[in-house]
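To start, the structure itself, in structure tokens.
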Amino acid sequence: MSWDFFVPVCVGDLVKTGGINQYVVQDVVPPKQLPSYISKFKAGLRSQGPLCILEHFDTGYSVLQHFHLVEIGVKEDTLEILVQVVNGLAASLPALLISTSISAAERKEKLNAVKMSVYLLCKITETLESDSYRQSIVTAPGKGGKKGKSGGEGLLQWDCEREKVLQALMQLIQLDIPSLWNLSLVEEEFISCVSCCCYKLLENPTISHVKSKPTRDCIIHLLGVLIKKYNHLLGASVKVIQLLQHFEQLSSVFAQAVSVWSMEYGVRAIIGEVIREIGQKSSEELAREGSGVKAFASFLSELGALLPDVMIPNISVLITHLEGESHTMRVAVCEVLGEILVRVLCGDGLDESGKADRDRFFDTLQEHLHDTHSHVRARVLQVYTRIVNSKALPLCKYSEVMELAVGRLMDKSINAVKNAIQLLAAFIAHNPYSCKLSSADLKKPLEKESAKLREIKEKLAGKAPVAVIKASELWAAMEPELLVTVRAELESASETEMEQKQQDEEEEEDDDRATAVKIAQYIRVNKYRNAVRLCIRAHTCFPESEMFASLSILTPETLMNTLALIFKGSDEDASEVSQNIPTTPQKEGDDGELKKQEMLVQYLKDTETFALQVERAISVINSMLYWKTTSVVQEAVQFCVTVCEFSVANSVSGVRKMLPLVWSTDAAIKDAVVQAYRRLYLNPKGETIRMKAQTLVDNLSELMVDASLGTIQCLEEIVQEFFGSSSSLQSTVVQVLWERFTGKRETSDLNRRAAVLLLGMAARAEREVVLSNLDTLCSVALGEKVTEDFLLARDTVITICTISDHARQSKGTPFRLLQDHQLFNCLTQAIAEGVVMEDPYWQSFMEQAIRLIYFLAESPEQLCSRLLQRSARLLLDQNAEGHEINKDAGQMEDGSQESNEQVNCVCLAQLLALCGCVAFWQVSHLERSVSTELRRRRGETEEREEKLKGPSSKQAANESAMEEDLGLIGASAEDTEAELIRKICETELLAEENLLCAFLPLLVRVCSSPGRYSHPQLTTAACLALSQYMMISPSVCEENIRLMFTVLERSTLPVVRANAIIALGDLTVRFPNILEPWTQNLYARLSDEVPSVRQTAVTVLTQLVLKDVLKVKGQVSEVAVLLIDPEPHIISLALNFFNELATKDNAIYNLLPDIISRLSDPERGMTSEDFNTIMKTQLFGTLFSYITKERQTESLVEKLCQRFRTAKTERQWCDVAVSLSLLSMCELKLRRGAKPQFKAQVDEFEKRLTAVHTRGLENVESPEMDDENQKQGGSAEKTVSHTPLPTRGRSKPSVSSHGDDSFMTPPISRKSKKPMIKFSSDEEEEEEDAVMAESETPKVTTPIARASRRTRLRN
């Protein structure tokens, strides 16, 4: 063979005339003739084997040249032939390569065959890959068409063939084919041909999919062989960077590839090359779009996860990216550091260098917890979470990182907050301190151990200290005795010559310095003779030593000088000698005990610090349970579960706080809470079902203890779901609950109450749980000992209520019990006996008992009538027994009351509370139960009549259908029923023959005479009962409304004022026309001096306004004043009011001008600082942010500009200007928004602003303003001085405690009219005095349409 095949750079180069002996394609076969040539190629393969490629190369080249013109069958045949050729070469070459007698011609022949077959196979593979990718893009998948189907089949077939091609190339490349080349130097074009084919296949978008794993592995190993055996290291590193820059999906592929090349093929240099290339990328280059920064970052992260130990030597190159602009690269570097810290630089076996690297990496991560980009902060928190979960965080870093994590809870980024919560949960789950973290529990042990440490230190300090004597002083003391020993030894030197020789042999191995140390030790322990003898021998053993050189002449003087030099020596020698002196065992024991105690105290301090940080984190995260972001709430719920599972102190608070979220409208949040409670309380652990049931009851009882009513209602949802499901624990749990309630198992009163409440929750799912055991409930909790525990009786009554139709919303025949049932006998007796007892829990029991009577009893009004008679009789009998009978029950003197009189006041208060409760539930019974029963009976009657009549004429049927569509059927009947109920309430409930009427004058008397009836409980009960009486009918409400508002404004008891606000809110809903004129009196309580009253007022008004019961007017400014309230909870309620109000159409837009005007009213007395605080910090964030429409903004600017005309003081101008500055208005909009007649005022205002900035405020006022101020200065000053309004309107009411008329409305006082500033919204409103006279009582001026009875009942 006289020619050589050179792998071309371009396909077309092979048809050009080449150099000497260079192969050139002679015949390019036309596409139509290719099938016949392919057949010859196959025949040549069968006859000649793989060497047939030497003759038929032109055929393969022709297919490659006309690839897009030939049929798919020709392509498949060509590919199959080439694969067989390569496989044949791979099978035949090993024997040839081993042989030593191969000729040059044979070597050239094999080499040409290898290069030809590999070249054609790689090029055809690349072309097929490009075509299949193009076809996958053009063909629409999943349409079911023929073209799409065939395209999909072709692509699938190529996926199978591609793996065969790679396997064939792999078998060939693995052989020692470089020996076929001269000097084993493989030409670069051949390597590039194979590698480019591999890189082309990697560009396929599906290469990273799971289904492409075999192909991906073949490519990785093929490139690995090229890198290791064919010197492709540099080319591979460059190509990796290029492909990462353009194909983001290759990050995981190349991470795996580099890992394989490094570990399996031992080419670790590839990692350094690739990382160096990435590290040299500038920050500006990475910031450009299309720079591949995401692929680089993902590649680094995955490579760090695969090879963390190999990344350490190259990490210095990547650290520079932490200072760059690309946050994605910063994240990747931080994740690499995290992997190194988790898997390499962890544990106690690190050397000093490793510890230094670890601390440096931790410091770097901590710095980026404060990164400017939120994504970096969030990912670093994730890295720390993995470190903590892997227990790779050093103990010394716990407190520091914990503090940073708690700080990240305040991050503005939601992702950072979520990851901070996860990190804190990991800290708690893997904390190295204690399973129970409570700073309160740790405080006592810490104080105890600290005191013990102080005692040990004082004990050691109190011991006689060892005198630190200088060597020179010690030598002076020992010198006389030592001199005597020296002289004695020198005289007897000849006698001890034999002993010296023996000792010389023993000591000859020591050097001079060690000998000197021994001599000094002998002298210190007073072994002078041994020291002298050793010194004499040392001269003979070490004649050249400087320490013993003076002993060449052995005299007492020279020997003493040598001993002195050795003993005293230099400072260094002295210190070394002293260090070699052993300490006493007692001192070592004391030091060890001290160190142990110090370690214990430090451990307790660290534990306390960690516990305090955990408690701080819990308080912050608990506040996140009601955030609007669902994902944060879910993380907070999960955190509460974690801390509860690890018994962290105060963890139950978060679990209880998240309980109301079971009512959340967000299904994800509700499900998270339900799952959390199921995990914590409804999936108990235990060996038997009995143990599991007891654990479950214990868990739920812990939640029920001291739980509020709202918490219990929320818990009902979760417990009801448990009992509604098919759980094997249900019957056992119910049995355990009954055992606890009845006292069969000894338990506390709290657990008994919790058990009966849990039984009530179970009864909501299955009524028979309580109904079948009603006698047990009555005998245990409502029997003879009911007066000993009214709380247990109250909770029992609540449980029994669950079997009523009101709780179960039953639509059938109402379930009621007879009046003589044991239950009602027990209840009436307990209520009546409790009236004459002074028990603080009786009233709550009474309210629930009356409710139960009206829910379950037949004719409950008769029962309650007898109950009132019996209670009143018992009260009179008690007074008779005390010999203090008063015909008028209200004539009890205030002042020096005896204990009996105090009891009578309490008993009278309880009787009045009973009257009010009966009145309230009587009205509720009529409007709910009786009305519902009337409708039910009417419905049954109509059904029977329809069945009896049968089908009527067609016309009647059409008319009936039309009436039904219009909603007219039953309307007249409902109106008749509603009128009947209203008439009963109006005429019969408070008729003279009715017992309720007898107590009304007494209630009015007590409420209107606080001087005589000054007992707090009596006053509170009377006012509340009177408000309940006012719910009966409009006439009673109108007669007593003025008295109720007088109580609201002038009562000295905050609880009375708070109750009055709630009662008046209910009356406003029931009788809106009567209460409408009194609206401003309700708003006045927003300025009450007691925070609890203000809180109640804003809560009630919020409900009334948002339910459209009250019309929103300018009085809303009183709510705005609460935005600067000293109580944070009241501020949050005010903010919530405005946030909810903003959801109504244009409500904020319509109210803003009036709010601003009222707040800036000089008679209010609000300081400019308070006004600015409200406007800038609160209203701007809540109100101005809702003005988003341009038209609204312009209109609002126009309205505010009108306020400049009505403003009378400079302060008002300033306030309006501040409000205008908060609107997002440019100068053009401001001028355009103003009407032509106001543009002059705008210009004047602009001039004044300019003058303020240029000349100073004192020179700004114009003569016109001076004249105006002079004209109105006197009247305004007089007005402010005579009738100043307090800043918050909380002047303490002056109420005389003597006399019955202290709460009576004072006579009308006529005063001269004050000049007042009128606003457009106030022109139709009248200012009313806080003290109402009869003639000043507001009249109904704006009737409010009364809602239909059906609507009221629904609400």
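As the structure is a prediction and not an experimental result, all values here were calculated from the model. Just the heavy atoms: all of them, side chains too, but no hydrogens, waters or symmetry mates, feed the values below.
- Taking the side chain as every heavy atom from C-beta outward, Val1105 and Val1119 never approach each other to under 4.5 Å.
- In terms of modelled atom types and a separation under 3.5 Å, the side chain of Asn1136 and the main chain of Ser1132 share no donor-acceptor contact.
- Expressed to the nearest 0.5 Å, how far CG of Leu911 lies from CZ of Phe999 amounts to 4.5 Å.
- In this structure the side chain of Lys657 reaches within 4.5 angstrom of the side chain of Tyr626, judged on heavy atoms.
- With a 4.5 Å cut-off on side-chain heavy atoms, Arg1094 and Leu1086 do not count as touching.
- Although no hydrogens or angles enter the test, the distance criterion places a donor-acceptor pair under 3.5 Å between the side chain of Ser1008 and the main chain of Val1004.
- Residues Leu625 and Val633 share a closest heavy-atom pair of O-CG1, 3.5 Å.
- With values rounded to the nearest 0.5 angstrom, Asp1088 atom CG is found 4.5 Å from Arg1085 atom CZ.
- In this structure a side-chain-to-backbone donor-acceptor pair under 3.5 Å is missing from Ser1051 to Leu1048.
- Residues Leu912 and Leu1018 are in side-chain contact: their nearest non-hydrogen atoms beyond the backbone lie under 4.5 Å apart.
- The distance from atom CD of Gln1028 to atom CH2 of Trp921, rounded to the nearest 0.5 Å, is 10.0 Å.
- Looking at every heavy atom in both residues, Asn622 comes nearest to Gly654 through OD1-CA, 3.3 Å.
- Taking 4.5 Å as the limit, some side-chain heavy atom of Pro1054 sits within range of a side-chain heavy atom of Arg1057.
- For the pair Asn1073 and Glu1076, the minimum side-chain heavy-atom distance is 4.5 Å or more.
- In this structure, Leu409 and Met624 approach most closely via the heavy-atom pair O-CE, 3.2 Å.
- The two atoms that bring Val1006 and Ala1022 nearest to each other are CG1-CB, 3.5 Å, heavy atoms only.
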*Criterion side-chain contact (heavy atoms from CB on, under 4.5 Å) on Glu1140 and Thr1102, from CA distance to verdict*: CA-CA 9 Å; Glu1140 295 295 334; Thr1102 299; 5.6 Å; no
*After noting the C-alpha distance and the side-chain angles of Leu1082 and Phe1045, does the key distance pass the side-chain contact (heavy atoms from CB on, under 4.5 Å) rule?*
CA-CA 9 Å; Leu1082 286 175; Phe1045 273 101; 4.2 Å; yes
*Before giving the answer on side-chain contact (heavy atoms from CB on, under 4.5 Å), spell out for Cys905 and Gln1017 the whole-Å C-alpha distance, their side-chain angles and the decisive distance to 0.1 Å.*
CA-CA 8 Å; Cys905 285; Gln1017 187 174 346; over 6 Å; no
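- Atom CD1 of Ile1074 is separated from atom SG of Cys1037 by 4.5 Å, given to the nearest 0.5 angstrom.
- Remark: Leu1043 CG to Met1030 CE distance equals 8.0 Å, nearest 0.5 Å.
- Atom CZ of Phe1137 is separated from atom CG of Leu1106 by 6.5 Å, given to the nearest 0.5 angstrom.
- Tyr841 OH: 12 or fewer foreign heavy atoms inside a 6.0 Å radius.
- What you find for Ala1058 and Thr1096 is that their closest heavy atoms are O-CG2, 3.7 Å.
- Across Val1056 and Cys1023, no two heavy atoms sit closer than the pair CG1-SG, 3.8 Å.
- In summary, Arg1070 and Glu927 engage in a salt bridge, as defined by a charged side-chain N under 4.0 Å from a carboxylate O.
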*With side-chain contact (heavy atoms from CB on, under 4.5 Å) as the test, would you mind laying out the steps for Glu1038 and Phe1071 before giving the verdict?*
CA-CA 10 Å; Glu1038 288 180 349; Phe1071 307 121; over 6 Å; no
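- Side chains of Leu1000 and Leu1026 form a contact here, defined as non-hydrogen atoms less than 4.5 Å apart.
- Considering Leu1104, Leu1110, Thr1068, Asp1066 as possible partners of Leu1075, the one that fulfils the side chain to side chain contact (heavy atoms under 4.5 Å, CB included) test is Thr1068.
- When side chains are defined from C-beta on, Pro1091 counts as touching Ile1130, because their heavy atoms get closer than 4.5 Å.
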